[in-house]
Amino acid sequence: MDALALEAKGAKSESAAAPAAPKPRPKPPQKAKRIVYFEVEILDVKTREKLLLLDKVEPTATILDIKSLFHKSNPHWYPARQSLCLDPKGKPLRDEEILQELPVGTTATFYFRDLGAQIAWGTVFLIECIGPLVIYLLFYFRLPLIYAPKYEFTASKHLVVHIACVCHSFHYMKRILETLFVHRFSHGTMPFRNIFKICSYYWCSAAWMAYYINHPLYTPPYYGEKQVKAALGIFLFCQLGSFSIHMALRNLKLPGCKTKKIPYPTKNPFTWIFALVSCPNYTYEMGSWLGFTLMTQCVPVLFFTVVGFVQMTVWAKGKHRSYLKEFKQYPTLRSPILPFIL
């Protein structure tokens, strides 16, 4: 017992004599990172006149932020009207590009170009579509001063004329509703002067087509009812396809997001054409007008269809090139507008 007591006493004395463990030293406070601000100089692209000098611009500022600061000093040049580039002959910079990621030093020089008065793309689409819708109906109801007085407010005896009016009105009503509730425009605005060129083409074409289709001396298609039914089937099929593609493209983009993605076929069979075509919205649009051409068997409609196809082919090729340039894994089987052909 005495040995155990002595041993316990020795252990206590040893533990009492052991020095206390040193406390960890507090870490010194981290120094705040130094922000390198930029100095931004904006020159007129033509005269090289200095329009604005911005001091202490944050490196994370976007081109849109710089345009907004420029707008504060020059209220008549709102951001949509501005084009900024690093070189007088270079490409305009995108709004989402970040200052510190551009090939510039801490002093950045931008060249400003005035794009002129702008108008929203949605407004352009509405004006572009409302015009043909109203103009066609004026000819359909044979308002005064269009045809001979004896035909004023008379109705055509041919069923195809009434079917054509329904199809034409349906097409443009669909486009108006899609503009209001479906489309998400990647470009917010366009030059205001372009609206006159666009509207004159669509409005005059609608008047030209409507005049002959609704003319009292109009004759139905050569193959009669069979041709009209087949053409109507093509038209309706392509209208459904066009709507399906527009919905698929809408679901591909989140509101306010400008990140591009590759469109792929969905469960909707009308979207399966994405496996072969980059821009099936133009394919279906062309098919709709082809059906309308066969239905009416009218030269002005054929002319409008051919011109529209040429223009849509140009747009589709440009979009196809953009996809190939932006996405390395883009499907190589796809054609711009017509599978395996064009």
Side-chain angles (χ1 to χ4, degrees), residues 28-124 183-194 249 252-263 278 314-330:
Q30 293 183 349
K31 294 182 180 179
K33 292 183 179 180
R34 184 185 174 188
I35 299 176
V36 179
Y37 290 98
F38 283 69
E39 185 179 83
V40 174
E41 183 182 44
I42 299 178
L43 307 179
D44 186 276
V45 72
K46 294 180 180 178
T47 63
R48 304 296 192 272
E49 176 189 355
K50 184 185 290 187
L51 301 176
L52 184 66
L53 180 65
L54 298 171
D55 193 18
K56 289 189 175 181
V57 179
E58 293 189 1
T60 56
T62 63
I63 295 299
L64 183 59
D65 295 332
I66 295 172
K67 287 182 178 180
S68 300
L69 295 171
F70 185 60
H71 176 224
K72 289 181 180 179
S73 301
N74 301 273
H76 59 289
W77 285 327
Y78 45 90
R81 188 168 179 163
Q82 302 174 33
S83 172
L84 297 179
C85 49
L86 296 175
D87 185 84
K89 296 181 181 179
K91 292 183 179 181
L93 297 168
R94 299 190 305 274
D95 286 348
E96 60 270 19
E97 293 192 71
I98 300 173
L99 183 58
Q100 65 181 357
E101 296 178 359
L102 296 174
V104 295
T106 52
T107 301
T109 301
F110 294 102
Y111 294 91
F112 163 79
R113 181 180 285 105
D114 183 10
L115 298 177
Q118 300 288 299
I119 184 170
W121 266 105
T123 305
V124 173
H183 291 321
R184 288 176 179 153
F185 300 99
S186 54
H187 299 287
T189 63
M190 65 171 286
F192 183 78
R193 61 183 179 273
N194 289 354
L249 293 175
L252 201 64
K253 281 185 179 181
L254 296 174
C257 180
K258 292 189 176 182
T259 304
K260 293 182 180 179
K261 298 179 182 178
I262 300 176
S278 292
V314 173
W315 291 336
K317 285 184 174 181
K319 188 72 174 178
H320 185 72
R321 284 194 298 268
S322 176
Y323 279 138
L324 291 174
K325 185 178 180 181
E326 191 158 355
F327 301 106
K328 294 181 179 179
Q329 303 300 324
Y330 190 73

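Quantities reported herein were computed from a predicted structural model and do not represent experimental measurements.
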Residues Y330, H320; criterion side chain to side chain contact (heavy atoms under 4.5 Å, CB included); working and verdict: CA-CA 10 Å; Y330 190 73; H320 185 72; 4.0 Å; yes

Criterion side chain to side chain contact (heavy atoms under 4.5 Å, CB included) on R94 and I63, from CA distance to verdict: CA-CA 7 Å; R94 299 190 305 274; I63 295 299; over 6 Å; no

Within this structure, what is the [atom1]-[atom2] distance for the pair [X] and [Y], rounded to the nearest 0.5 Å?
X    : Y   : atom1 : atom2 : result
N74  : L69 : CG    : CG    : 11.5 Å
L99  : I66 : CG    : CD1   : 5.0 Å
H71  : L52 : NE2   : CG    : 12.5 Å
E49  : I42 : CD    : CD1   : 12.5 Å
T106 : E39 : OG1   : CD    : 8.0 Å
S73  : L54 : OG    : CG    : 6.5 Å

If you compare all heavy atoms of [X] against all heavy atoms of [Y], which two are closest, and at what distance to 0.1 Å?
X    : Y    : result
L115 : A80  : CD1-O, 3.8 Å
K261 : Y323 : O-CE2, 4.2 Å
F112 : Q82  : CE1-CG, 3.7 Å
L249 : P263 : CD2-CB, 4.1 Å
L102 : E97  : CD2-OE1, 3.5 Å
F38  : P59  : CE1-CB, 3.6 Å

Stepwise side chain to side chain contact (heavy atoms under 4.5 Å, CB included) test for F110 and L93: CA-CA 10 Å; F110 294 102; L93 297 168; 3.4 Å; yes

Set of residues satisfying side-chain hydrogen bond (donor to acceptor under 3.5 Å, both in side chains) with respect to E41, sequence neighbours excluded: K50, T109

Derivation of the side chain to side chain contact (heavy atoms under 4.5 Å, CB included) call for R48 and Y111: CA-CA 8 Å; R48 304 296 192 272; Y111 294 91; 3.8 Å; yes

Aromatic plane relationship, F70 with W77 - under 30° parallel, 30 to 60° tilted, over 60° perpendicular: parallel

Ring geometry between F185 and W121 (parallel below 30°, tilted from 30 to 60°, perpendicular above 60°): parallel

Tell me whether [X] contacts the main-chain N or O of [Y] through its side chain, where contact means a donor paired with an acceptor under 3.5 Å.
X    : Y    : value
S68  : L64  : yes
R113 : P88  : yes
Q118 : G116 : yes

Pair T62-D65, side-chain donor/acceptor within less than 3.5 Å: yes

